[in-house]
Number of protein chains: 2
Amino acid sequence: MSVQERKERERAARERLIVATARELAEQQGWDSVTTRRLAERIEYSQPVLYSHFRGKREIIGAVALGGAAEMAAALRAATSAADGPRTRVVALARTYLDFAERNPAVYDAMFRLDGGLAFAAEDTPEPLKDAFAALLESLGEVAGEGVHPSLFTEVFWAALHGLATLTRAGRLPAAEAERRVELLVDRLAVI
Amino acid sequence: MSVQERKERERAARERLIVATARELAEQQGWDSVTTRRLAERIEYSQPVLYSHFRGKREIIGAVALGGAAEMAAALRAATSAADGPRTRVVALARTYLDFAERNPAVYDAMFRLDGGLAFAAEDTPEPLKDAFAALLESLGEVAGEGVHPSLFTEVFWAALHGLATLTRAGRLPAAEAERRVELLVDRLAVI
DNA sequence: CTCACTTGTCTAGCGATGCTAGGATCGAAT
DNA sequence: ATTCGATCCTAGCATCGCTAGACAAGTGAG
């Protein structure tokens with residue numbers, strides 16, 4: 001049995017290597033440059049090996065997205081737990097979210113812009129995604145205001161953050177005033 | 001001279017045909033299905049003809065985006081001018097924006113999600129794009145509130161709409177409560 | 001220790017993509 | 001009518017995601 005266990009360990013390690021390498025390559029040169037050939041070469045295996053771990057490129061993107069969701073959830077919780085007072089917490093949350101999107105553009109794209117074949121807002125939504133939304137909900141729910149469902153409020157706030165993140169990075173919004181936009185968003189949307 | 005003028009007319013007509021066909025094909029089957037071969041076949045010319053009008057596929061997407069921006073600006077102005085009172089106007093604006101995104105997903109993608117090689121928030125931003133932002137500004141500027149720059153407010157409101165539009169369409173947000181999200185967004189962000 | 005066999009990996013190749021070079025054909029001006 | 005330039009198409013390149021089938025390595029039985 002020990003032999004089989006060792007093989008499974010090595011196989012799992014290689015799978016992590018694939019995902020990590022895809023992420024690294026995407027951050028360095030963009031997702032367009034993440035081709036199955038280049039990825040295979042970087043992990044020092046041939047192309048078909050990738051397909052013994054994932055159905056295709058989409059699933060690799062999905063795997064990067066899941067890892068990113070877990071990482072983002074942790075970052076959000078770390079930032080909000082270090083802040084006291086609802087307003088401070090929400091500002092910290094917003095900054096951390098936008099900061100994550102800016103520092104990890106490829107991962108952010110995998111999560112929300114590209115098709116990673118993941119289910120959202122559904123029964124079979126993977127746990128890391130639900131948890132990332134839960135992390136948002138924890139801090140945003142307390143500033144939803146009277147008679148507004150916390151989930152609905154979180155969705156709207158999240159959408160606003162997502163819009164700011166994507167439009168800013170695509171050059172649709174000037175990067176200069178980013179901080180003032182966050183202030184405005186929090187002051188208006190959140191009920192303190 | 002008349003011969004040359006006729007040729008230029010025909011050439012311009014063919015360029016419009018290319019853009020219209022690309023848009024149609026994208027709306028029918030998605031941008032992934034808009035290949036240069038399929039597009040060429042639909043306009044009943046060979047592939048290289050496309051490259052005598054546009055540098056490449058990117059520029060074709062950009063052309064679709066410009067047309068879409070003009071159309072969206074018109075739709076926004078039509079909706080807001082038919083409404084009286086700031087709040088009614090802003091609600092109409094938001095609904096029209098999201099409606100446009102939902103009814104013309106491919107065009108919306110060309111404008112804001114795909115790379116059409118267009119400059120934004122810069123000197124050389126094409127006129128239709130500036131005008132679409134201006135259409136937003138016209139209605140949103142009047143509800144920015146004291147001490148908030150109309151442009152900044154418009155950017156934030158627009159980002160929120162963009163987030164709602166993209167996340168909803170990608171299945172990240174349940175479509176059911178779309179209307180309530182709009183209500184919440186307007187009630188909180190706009191100062192009436 | 002040897003040998004069949006399973007398991008794992010690689011080479012080679014398919015169809016499709018964006019884009020381009022070079023030849024053919026058509027029409028305009030003399 | 002003939003030359004000549006503009007216009008368009010055929011054919012092809014490199015690259016993409018993905019897969020079939022050959023091959024080698026390691027496994028367990030005798």
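Every chain is numbered from 1 and lettered A, B, ... according to where its sequence line falls, protein lines coming before strand lines.
When the nucleotides C:dG18, D:dC18, C:dC10 are ranked by their closest atom to the side chain of A:Lys57, D:dC18 comes out on top. Across C:dC19, C:dA28, C:dT11, the shortest atom-to-atom separation from the side chain of B:Arg6 is found for C:dA28.
A:Ala26 meets the side chain to side chain contact (heavy atoms under 4.5 Å, CB included) test with A:Trp31, A:Val34, A:Ala106; sequence neighbours excluded.
Per the geometry, CD belonging to B:Gln29 stands 11 Å off P belonging to C:dT17, to the nearest Å. Remark: P of C:dG18 and CD1 of B:Ile60 are 9 Å apart, rounded to the nearest angstrom. Atom pair B:Leu50:CG and D:dC9:P shows a separation of 10 Å (rounding to whole Å applied). Spacing between atom OH of A:Tyr51 and atom C1' of D:dG21 amounts to 17 Å, rounded to whole angstrom units.
Applying the ring pair (Phe, Tyr, Trp, His ring centres under 6.0 Å) rule to pairs touching residues 98-119 of chain A yields A:Tyr97-A:Tyr108, A:Tyr108-A:Phe112, A:Tyr108-A:His162, A:Phe112-A:Trp158, A:Phe112-A:His162, sequence neighbours excluded. Annotation: salt bridge (Lys or Arg N to Asp or Glu O under 4.0 Å) contacts involving residues 26-40 of chain B, sequence neighbours excluded, are absent. Residue pairs meeting the ring pair (Phe, Tyr, Trp, His ring centres under 6.0 Å) criterion with at least one partner in residues 169-192 of chain A, sequence neighbours excluded, are absent. Among residues at least two apart or in separate chains, salt bridge (Lys or Arg N to Asp or Glu O under 4.0 Å) pairs with a member in residues 55-65 of chain B are B:Arg55-B:Glu59, B:Arg58-B:Asp115. Pairs passing the salt bridge (Lys or Arg N to Asp or Glu O under 4.0 Å) check and including a residue from residues 160-172 of chain A, sequence neighbours excluded, read A:Asp109-A:Arg169.
No N or O donor and acceptor, one from the side chain of B:Gln47 and one from the base of D:dC9, sit under 3.5 Å apart.
Within residues 61-68 of chain A, no residue has any heavy atom closer than 4.0 Å to DNA chain D. Listed by residue number, the members of residues 30-40 of chain A with any heavy atom below 4.0 angstrom from DNA chain D are A:Val34, A:Thr35, A:Thr36, A:Arg37, A:Arg38.
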Provide a list of protein-nucleic acid N or O atom pairs under 3.5 angstrom, restricted to nucleotides 5-8 of chain D.
{"from": "D:dC8", "atom 1": "OP1", "to": "B:Arg14", "atom 2": "NH1", "distance (Å)": "3.0"}
{"from": "D:dC8", "atom 1": "OP2", "to": "B:Arg14", "atom 2": "NH1", "distance (Å)": "3.4"}
{"from": "D:dC8", "atom 1": "OP2", "to": "B:Arg14", "atom 2": "NH2", "distance (Å)": "3.2"}

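A donor-acceptor pair is defined here as one N or O able to donate and one able to accept, closer than 3.5 Å; no such pair exists between the side chain of B:Thr168 and the backbone of B:Ala165.
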Donor-acceptor pairs under 3.5 Å, side chain of residues 12-19 of chain B to any protein atom, not counting sequence neighbours: which ones?
{"from": "B:Arg14", "atom 1": "NE", "to": "B:His53", "atom 2": "NE2", "distance (Å)": "3.0"}
{"from": "B:Arg14", "atom 1": "NH2", "to": "B:His53", "atom 2": "NE2", "distance (Å)": "3.1"}
{"from": "B:Glu15", "atom 1": "OE1", "to": "B:His53", "atom 2": "ND1", "distance (Å)": "3.0"}

Please tabulate, one pair per line, all N/O donor-acceptor pairs under 3.5 Å involving side-chain atoms of residues 180-190 of chain B, not counting sequence neighbours.
{"from": "B:Arg180", "atom 1": "NE", "to": "B:Glu177", "atom 2": "OE1", "distance (Å)": "3.0"}
{"from": "B:Arg180", "atom 1": "NH2", "to": "B:Glu177", "atom 2": "OE1", "distance (Å)": "2.8"}
{"from": "B:Arg180", "atom 1": "NH2", "to": "B:Glu177", "atom 2": "OE2", "distance (Å)": "3.4"}
{"from": "B:Arg181", "atom 1": "NE", "to": "A:Glu155", "atom 2": "OE1", "distance (Å)": "2.7"}
{"from": "B:Arg181", "atom 1": "NH1", "to": "B:Pro174", "atom 2": "O", "distance (Å)": "3.3"}
{"from": "B:Arg181", "atom 1": "NH2", "to": "A:Glu155", "atom 2": "OE1", "distance (Å)": "3.0"}
{"from": "B:Arg181", "atom 1": "NH2", "to": "B:Pro174", "atom 2": "O", "distance (Å)": "2.6"}
{"from": "B:Glu183", "atom 1": "OE1", "to": "B:Arg87", "atom 2": "NH2", "distance (Å)": "3.1"}
{"from": "B:Asp187", "atom 1": "OD1", "to": "B:Arg87", "atom 2": "NH1", "distance (Å)": "2.2"}
{"from": "B:Arg188", "atom 1": "NH1", "to": "A:Ala144", "atom 2": "O", "distance (Å)": "3.1"}
{"from": "B:Arg188", "atom 1": "NH1", "to": "A:Leu189", "atom 2": "O", "distance (Å)": "2.8"}
{"from": "B:Arg188", "atom 1": "NH2", "to": "A:Ala144", "atom 2": "O", "distance (Å)": "2.7"}

Acceptor/donor pairs from residues 68-84 of chain B side chains to any protein atom, 3.5 angstrom cut, sequence neighbours excluded:
{"from": "B:Glu71", "atom 1": "OE1", "to": "B:Arg23", "atom 2": "NH1", "distance (Å)": "2.8"}
{"from": "B:Glu71", "atom 1": "OE1", "to": "B:Arg23", "atom 2": "NH2", "distance (Å)": "3.1"}
{"from": "B:Glu71", "atom 1": "OE2", "to": "B:Arg23", "atom 2": "NH2", "distance (Å)": "3.2"}
{"from": "B:Arg77", "atom 1": "NE", "to": "B:Glu138", "atom 2": "OE1", "distance (Å)": "3.1"}
{"from": "B:Arg77", "atom 1": "NE", "to": "B:Glu138", "atom 2": "OE2", "distance (Å)": "3.3"}
{"from": "B:Arg77", "atom 1": "NH1", "to": "B:Asp131", "atom 2": "OD2", "distance (Å)": "3.0"}
{"from": "B:Arg77", "atom 1": "NH2", "to": "B:Asp131", "atom 2": "OD1", "distance (Å)": "3.0"}
{"from": "B:Arg77", "atom 1": "NH2", "to": "B:Glu138", "atom 2": "OE2", "distance (Å)": "2.9"}
{"from": "B:Thr80", "atom 1": "OG1", "to": "B:Leu76", "atom 2": "O", "distance (Å)": "2.9"}
{"from": "B:Thr80", "atom 1": "OG1", "to": "B:Arg77", "atom 2": "O", "distance (Å)": "3.2"}
{"from": "B:Ser81", "atom 1": "OG", "to": "B:Arg77", "atom 2": "O", "distance (Å)": "3.1"}
{"from": "B:Ser81", "atom 1": "OG", "to": "B:Ala78", "atom 2": "O", "distance (Å)": "3.3"}

